[in-house]
Structures are given as C-alpha cells and as structure tokens.
Amino acid sequence: MEEGSRQPTIEELVTQHAQTVFRYAYRLSGSMVDAEDLTQETFLLAAKNIDQLENPIRAQGWLLAITRNAFLRQRRVHQVALVEDIETTAVESAVESDGADEELLQIAIQSLPEEQRVMVLMFYYEDMSYKEIAEQLGIPIGTVMSRLSRAKAALRKKLDALNRNVAPV
Amino acid sequence: MASQSNLPRDEDLLELIRLGRDDPEDQFVQRLMLILRENPSLAKRYEEILRRDADIGNRVKSGRHIPGLEARILTRLKREGQPLSGEMPEKVAVAVSRRDELISNSCEELTADVSVAEVTGKIPRRRWLRWVAGFATAGAVSGLGIWIWQNQKRKPPLSAVSFGSAVAQLFETTLDGFGTGRLLAKQNPPHGYRLSRDVQMFRGTTITWRELAVGDLPVVAFDIAHPGGEKGSLFVVRLVLPDLPPIPPRQPSLRTSRSSAGWWQENDLAYVLVVLGGPRVYQRFLAPPGPLT
C-alpha cells in the first residue's frame, strides 16, 4: 500500500463512490435496475477482495474496473437477448426520463455495439488512454485505436442525429 | 500484452491522443505533434474533437443522484454476511440524508418542469441546467453544513487546513455542476473575485464561473477545462486566514481518491485549487514559478 495512505473501509468506499459506480453501471447497462444490481455486485466483490486494493488513492479506478468486469461477465451469460432489447430499452427509458439530454446521450451510447460501448466508456468515464484500454482488455493497440476511433465518431454522429430530431420547432 | 499490428491513421491519432495527458515520448504523440504543426486544418479539427470530447466526457460522467443508494448497498453487504467495520459515520449519515432530502426537492421541481415541457413539446435546456444546479447546490449545502456545524462547535479560529479541506469538498459535491456556470469570456464574475495569476491557462482553456456559498460567505468557483480534457476548479473566498501560505503549494495539500487540492492567500482573497486527478494534474494547473519582480 502507498505510504501514508490508510486502507479505506468498505463503508467509506460505498459512501464516497457509490453514485459514481452507479452512473458508470447505468452507462454500461442502459437500465436503472441493472445498474443498481451491478453497483451492489461491485461493492460485494470489493468487500470480499478489499485487501487487493493496493493503492487507496486509486480506489475509484479499482471499483470501476470491477464494475466493468462484472458487466462483461453478466453479458456473456445473457448474450442472446441483447441486440433485440437495446433499442426498445433505450427509447422507453428516454420517454420516462427526467433529463432529456442525459437520456439522448444514453440512447446514443446504447446504440453502439457492446465492445465499442465499453471502449468509449473506458475513454470518457474512466479517462483511460488507448494504451491503458488495450492493456485492460487484452487487445492489440492497433485494434483499439481503429475501433475506438470509429466508435467515437459513431457516437458523435448518433448524438447529432438525435439532437436534430428533438430540436424545438 | 498489447502489440502494435498496424500504423494508425491520422484520424485515429486525432481522436485518441491527448496532448498533456499521454506520454510525450510516445511515438504516436510525437507523430501527432508533427501533424498538428504541419497541417493547420487538421489542427483545427483536433481542437474541435477536443471540444466535443470535453462536452461528451462531462455529460457521460454526470447523471441523476440516486437517493438511498448507499444505505441499500450497506444493507445488502450486511445481508450477504460481509463484516462491516461499523455503522455509517454519523457525519456522513447526516450529510447523505440531508443531501437526499435536498435532491428530492430538486427532483420535485424538475417534475413540475417536465410537465410544462410536455405541454410545450420540448424540454428547455435552461430547465435542465436548473436541475443540475439544484443537485450541485444540494451537494454543496450538505458538505458545507457539516463544515459550519463543526466550526460552530469548535471555538478555536479556523485553520487553513480545515478551511481548505472544507472548500475542497465543494469540488466533488458540486462536480455535477462543473462547467454549467457563466462563460468568463462573456461575463465577468462578481466584483472583487478574480482569477489567480498562479493558475496556468492554455490556448483553448475554457473557464466558466458559478456562485456558491459557505454559510453566509459567498464563494465564486472558476471551473477550468483544459484542452487536454483536464478539469479543475479555483474557489475564491473573500477571507483572510493568517496561516494560509502566500503562494500555491507545488504539491497538493489534500488528496482524495479523485482529486488533489492546494490553498493559498493573495491579498484579501483565499484561493483553493482542486483538480480532478493526482499531483501531476494539479501541477499542470499551476503556472511555472517565474522570476521575482
């Protein structure tokens, strides 16, 4: 552990990072219910493995990595129903939404294929560089560069299209 | 370990390299710098990508506050038999509860706003921003409430550390409101609240300002977004504390899991600089020390 920094308790981690983890889980899953499950799962895994948190300063990054891995693990199990549900879920949540801008963004994120979505969120939410993303996902750097670049462009294009569609008349 | 199979396209470099964040010795960083020097149209495109990235990045990280989330997680942990070191600290419980209450009020206001929006068929951006501001205020009030309460109980004069730490908390509690204030380039902050010359600005740095409060004490927060995507806020308070240093410390005085902060005094203003990131990011927000004049 880094000198001078104390190992946080699980309660402290929950208090400081629960909302951030939830937002990440929501961006990944596109569903409030799944996001809460994923958040609880994250802290459960964190509590079981808290001794693996080597540097408390990086607690948030550690928790987000747990969230991402838990999400990918769950998706592998439930892969079949994924593609069909995405469009419907995103649109429904937008209709029920309190924050229109936020939900348009979420629809755009959900429109990306899962692999691109994860990369885009690692870039924007976890502030990772393409190298770190390649290392974390175990994918060649060149592959990450081309896919992430395309994913970012696709996200902007989708956002622009959605914003045009909801622009006030 | 990742390997490099293909040379990336110029477009990929513009999308993925962040000057100031990525390793300057990296071959792709160096190639991008060469491209930007030699091709003004690509340099302009790079600026545009950075601007969109900063906007999308902020939006991706912001979102609704979920009331009671922390309590539900702790309950689940208990149910699953995880040993907890104790109950939620009282201070935190009070803050979370107060924050949830205030946010709930903000949400009620938002619901009213949405009803209006449904009638007119559109959701005005200003309403959305009010909602975000409501969240920010709620967070600020809860953090600062604790600070004021502590200082009412503690009679000794306010120390630089307790002042700096309390104001630094504002950064994380109002992070949802980061960048939603008024653009400094278009509107001046209230009279007497000025940016410090010790804070570094780059070409393309965007600065907005918001008005917050510590009890009765007004605070102006300058939200600074550098072109590389780094974010920090400079909080300015009209307050003189004898033990504040006269110049910003080169190393942060406070670090949390997300942010680093330092504080200092300039004439009648107390400054607290808080950045999202570690000491290296903090240092990039400080102007290099110049010759004494």
Side-chain angles (χ1 to χ4, degrees), chain A residues 5 8-12 14-20 22-23 26-27 32 35-36 39-40 43-44 47-48 56-61 98-102 105 109 120-121 123-125 127 129-131 134-135 138-146 148-149 152-153 155-156 159 166-169, chain B residues 1-9 11-13 15-18 21-22 26 28 49 52-53 56-57 59-66 69-70 72-74 76-77 80 82-89 92 96 107 110-111 114 117 121-125 128 131 229 255-258 277-278:
Chain A
S5 50
T9 63
I10 190 65
E11 292 97 319
E12 286 168 337
V14 169
T15 310
Q16 287 167 21
H17 302 292
Q19 299 288 336
T20 306
F22 178 89
R23 281 179 203 140
Y26 177 61
R27 293 297 181 210
M32 301 284 277
E36 176 128 3
T39 305
Q40 294 198 6
F43 284 101
L44 201 54
K48 284 177 183 163
I57 300 296
R58 299 203 179 119
Q60 182 175 298
D98 286 344
D101 278 5
E102 185 195 326
L105 175 67
I109 291 171
V120 156
L121 289 173
F123 184 85
Y124 283 121
Y125 203 98
D127 289 319
S129 69
Y130 65 92
K131 273 187 182 171
E135 279 172 13
I139 297 176
I141 284 179
T143 309
V144 168
M145 289 186 106
S146 57
L148 180 55
S149 174
K152 285 184 63 200
L155 179 66
R156 284 198 301 267
L159 270 174
V166 297
V169 265
Chain B
M1 184 68 195
S3 67
Q4 295 159 21
S5 52
N6 299 311
L7 274 180
R9 301 171 304 150
E11 183 68 17
D12 296 341
L13 298 180
E15 287 283 2
L16 305 179
I17 304 282
R18 290 294 161 265
R21 180 196 68 184
D22 293 339
D26 182 296
F28 296 139
I49 289 173
R52 288 295 302 266
D53 272 357
I56 294 173
R59 288 170 64 188
V60 163
K61 287 175 189 162
S62 68
R64 68 198 72 187
H65 173 93
I66 308 300
L69 177 68
E70 293 85 355
R72 288 196 296 279
I73 295 169
L74 291 174
R76 166 93 187 268
L77 289 172
E80 300 277 344
Q82 285 304 313
L84 301 180
S85 58
E87 296 302 319
M88 196 186 284
V92 176
V96 168
C107 288
L110 176 71
T111 312
V114 170
K122 59 189 177 186
I123 297 180
R125 187 168 180 77
W128 185 83
W131 174 57
R255 286 171 67 185
T256 72
S257 58
R258 304 179 75 184

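Per chain, numbering begins at 1; letters A, B, ... match sequence-line order.
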Atom group of B:Asp22 that falls short of 4.5 Å from chain A, counting heavy atoms: side chain

Ring pair (Phe, Tyr, Trp, His ring centres under 6.0 Å) involving A:Tyr125 - partner list, sequence neighbours excluded: A:Tyr24

Among the listed options B:Leu77, B:Ile49, B:Ile17, the residue most often paired with chain A at heavy-atom distances under 4.5 Å: B:Leu77

N-O pairing of B:Arg76 and B:Glu80 below 4.0 Å: yes

Side-chain ion pair, A:Arg156 and B:Glu15, N-O less than 4.0 Å: yes

Closest-packed option against chain B by number of heavy-atom pairs under 4.5 Å, given A:Met32, A:His17, A:Gln16, A:Lys152: A:Lys152

Chain B contacts, top residue of A:Asp127, A:Val120, A:Leu155 (heavy-atom pairs, under 4.5 Å): A:Asp127

Interface residue of largest heavy-atom contact number with chain A, from B:Arg9, B:Arg18, B:Gln82, under 4.5 Å: B:Gln82

Side chain to side chain contact (heavy atoms under 4.5 Å, CB included) between B:Val60 and A:Ile109, worked out: CA-CA 9 Å; B:Val60 163; A:Ile109 291 171; 4.1 Å; yes

Side chain to side chain contact (heavy atoms under 4.5 Å, CB included) against B:Arg72, all qualifying residues, sequence neighbours excluded: A:Glu36, A:Gln40, B:Ile66, B:Leu69

